[in-house]
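Scroll down for the structure; my scribbles are underneath it.
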Amino acid sequence: MIDEALARWKRHPAALAVGIALVAVALAVLPFALTANFGTTWVRITNFAILYIFLALGLNIVVGFAGLLDLGYIAFYAVGAYAYALLASPHFGLHLPFWAILPIGAAVAAIFGILLGAPTLKLRGDYLAIVTLGFGEIVRIFLNNLDQPVNITNGPRGIARIDPVRIDGVSFGVTDRLGGLVVTGPIKYYYLLLALVVVVIFINVRLQNSRIGRAWEAIREDEVAARAMGISTVHMKLLAFAMGACFGGIAGGMFAAIQTFISPESFVLVESVMVLAMVVLGGMGNIWGVILGALLLSFVPEILRFTVEPLQRQLFGRMLVEPEVIRMLIFGFALVLIMILRPGGLWPSAVRKRELAARDGAAPR
Amino acid sequence: MDIFIQQVINGLTLGAVYAVVALGYTMVYGIIQLINFAHGEVVMIGAMIAFSVIVALAPGGLPPLVVVLIATGCAIPVCMFLGYAMERVAYRPLRGAPRLAPLITAIGVSIILQHFAMMIWGRSPLPFPQVITTVGYDVGGATITNVQIVILVVSTAMMTALALMVYRTKFGAAMRATAQNPQIAGLMGIDTDRVIAATFVIGAGMAAVAGVMVANYYGIAHYTMGAPLGLKAFCAAVLGGIGNLPGAMLGGILLGVVEALGAGYIGDLTGNWFGSNYQDVFAFIVLILVLVFRPQGLLGERVGERA
């Protein structure tokens, strides 16, 4: 339905240009509107939502495009974050500039992606899932314990006082005044993240219908047939792991810069599961669906956080149940309900929609 | 040498629990190819129910063994109902849906159960009442406690009973037929929906017992205890070859022993570079190595491509 509406809209270039311009203006004004109406917290929440879009799009390459179920994706986020933290903090006394670290973080994460991908090429489906899950746990446990005998990661205490991003003398950690406009740190990060995410989305869109993207799709649908068609499944799978990891690494680096503190606790299995939920809930393989999933799953819990408590007070006059509990219960039920009502995700890819329709009509399997 | 025996005993005990939980994963997977992510939470609910019953009965003056038996007797039906409800509400509507959809509902169910438990039993770890006094027996310089013996005996009994049921009864034949091909099994007059529901119920019942055992063994019950245990058990199931019952038993025991020995010896082997805090890494590395060389798991068969 959404797709048809979009397609009709795309036929009118003028309307399309106006639409894009409106969205751009809305996105540009958004952080100031949020600060004015709800406070800086909501700009931070938006920033994290954008980071989750990064992660979800990266995982979408592995799971949605290439069909490789990865349950340890957060490991690459962790690798990127630690790469940034170690290269720009007092921990080792290194303070490399932002533009140098980001590619390094992405490259290191990509190497980890290949490290994970290489031994697991033969594995299929759920076996791959459990190995990636194990990989994620191994990375986390090492981060947690590599404070002795040589202190590399500072163990469970994490790394603090990470340098904020600094470009051309403008530090992203402090508040500036631009004419009459108060530009806080989170607002600056918002624009940086927005610029990065636009690039990432562009890369993803171009990738999907490229030779590589079509090769991934072929592998996902039928690996044997893909190989028969002359696709090097080994290269393509490794490429998917590396590219997915790369986006995860960039997101991790940004996370470290924004938080200025990281510890292994941020990279637990639940986070991997969350990102996977964003991809599947939004609509695996469809870039816009995945973005929708990431936005929903990052904003809904936060909105619930801020509404559940006052609502309870109004209804019962006091707190009956901890807001955290209600928030997560609603979240859990929402996951179940959405998947039952829309098994292909909220906004399924065109291919998947066709598959679902075929399955309803024709004989099963 | 006595350290070796001690670690083997500890490993076998833990491995037996892993094996019982792993059977729940593997049975469900064998029949509907679903990773039931919420299975670990069922174990946790079992432990929590038993905790409440024991706390309620402990001052009553009943013999400790009876108290534990009643507690387990309460935990089993609750968990069985939970297993049934889970299948009915979250998984059955999604049969025939894309493969990852039920995985997400499983995650949803797991979140619901965890926070439900947090609401009822609170955030802090609960000291599981040690109603049975622990007695140690000497075995070749190592100690085995009565709790460990009970865990080993009960697990073995449950696994034997399950194996007999699956391989010797008519219902077991129906289960195996459904696992092989649900459509044809349906044509042969098997009510596949009932078989699938029953599989969930049996797995949940065993999970309840595992929950009571593990809470008793560690002396702690907590609303997050299910997830790590479920993770290990799932590893065990995959290690043995997922969907394969003897595989899950072997995988569970193997994982338990490897973990215990790893934790006991890793310090000596690496000149104290790595300590026992790398215990979990050990389990995962063994898992990855096994899967790299035997992608179908230890006892799994190489199955052809399924579209």
Side-chain angles (χ1 to χ4, degrees), chain A residues 63 69 119-120 122-131 133-135 137-138 141-142 144-145 148-149 221-224 269-270 273-274 276-277 279-281 284 321-322 324-329 331-340 342-345 348 352 355-356 359-360 363-365, chain B residues 29 33 35 37 89-90 93-116 118-119 123 182-183 227-228 231 234-235 237-239 242 271-275 277-281 283-285 287-289 291-292 295-297 300 303 305-307:
Chain A
V63 181
L69 181 51
T120 55
K122 274 191 297 181
L123 299 177
R124 282 178 207 291
D126 302 296
Y127 290 97
L128 181 66
I130 188 71
V131 169
L133 190 154
F135 174 80
E137 287 295 285
I138 289 174
I141 294 168
F142 268 95
N144 217 349
N145 290 303
Q148 52 176 349
E221 295 303 319
D222 192 331
E223 196 175 326
V224 178
L269 176 62
V270 183
V273 168
M274 250 348 204
L276 182 68
V279 173
V280 179
L281 193 85
M284 223 167 46
V321 190
E322 273 184 84
E324 169 74 7
V325 173
I326 299 193
R327 182 165 87 93
M328 293 313 283
L329 281 180
F331 183 61
F333 278 113
L335 280 186
V336 175
L337 210 65
I338 294 175
M339 280 339 284
I340 288 174
R342 292 189 71 93
R352 192 158 283 272
E355 277 170 18
L356 281 172
R359 208 168 298 180
D360 283 343
R365 253 213 271 246
Chain B
Y29 188 89
Q33 282 80 49
I35 304 174
F37 250 101
V89 176
L94 282 171
R95 234 170 268 157
R99 292 226 30 208
L100 283 182
L103 193 71
I104 301 300
T105 58
I107 292 164
V109 170
S110 162
I111 293 175
I112 294 170
L113 288 180
Q114 247 188 48
H115 289 84
F116 189 66
M118 186 169 111
M119 187 165 82
R123 277 169 191 275
Q183 272 82 44
L231 188 60
F234 178 45
C235 280
V238 176
L239 190 65
I242 194 157
N272 283 326
W273 267 65
F274 296 111
N277 36 6
Y278 284 94
Q279 179 183 359
D280 291 346
V281 170
F284 285 121
I285 287 178
L287 177 83
I288 292 177
L289 284 182
L291 287 185
V292 166
Q296 67 275 38
V303 284
E305 285 283 293
R306 269 205 228 170

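So that the names make sense, note that chain A is the first sequence line, chain B the second, and so on, each numbered from 1. All values below were derived from every heavy atom in this structure, side-chain atoms included, with hydrogens, water molecules and symmetry-related copies excluded.
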Heavy atoms only: give me the nearest [X]-[Y] pair and the separation to one decimal.
X: Phe37(B); Y: Leu103(B); value: CD1-CD1, 3.6 Å
X: Ile141(A); Y: Val281(B); value: CG2-CG2, 3.3 Å
X: Ala101(B); Y: Pro343(A); value: CB-O, 3.5 Å
X: Pro102(B); Y: Thr105(B); value: O-OG1, 2.8 Å
X: Met119(B); Y: Leu329(A); value: SD-CD1, 4.3 Å

Contacting region of [X] [heavy-atom separation from chain A under 4.5 Å]:
X: Leu291(B); value: both
X: Leu287(B); value: side chain
X: Ile35(B); value: side chain
X: Leu113(B); value: neither

> Partners of Arg123(B) by side chain to side chain donor-acceptor pair (under 3.5 Å), sequence neighbours excluded?
Replying inline: Glu322(A)

Side chain, backbone, both or neither of [X] within contact of chain B (heavy atoms, under 4.5 Å):
X: Leu69(A); result: side chain
X: Val270(A); result: neither
X: Leu276(A); result: both
X: Leu133(A); result: side chain

> Hey, is CZ on Phe331(A) packed in by over 12 heavy atoms from elsewhere, all under 6.0 Å?
Replying inline: yes

>> For the interface with chain B, which of Asn145(A), Val280(A), Val325(A) has the highest count of heavy-atom pairs at distances below 4.5 Å?
In response: Asn145(A)

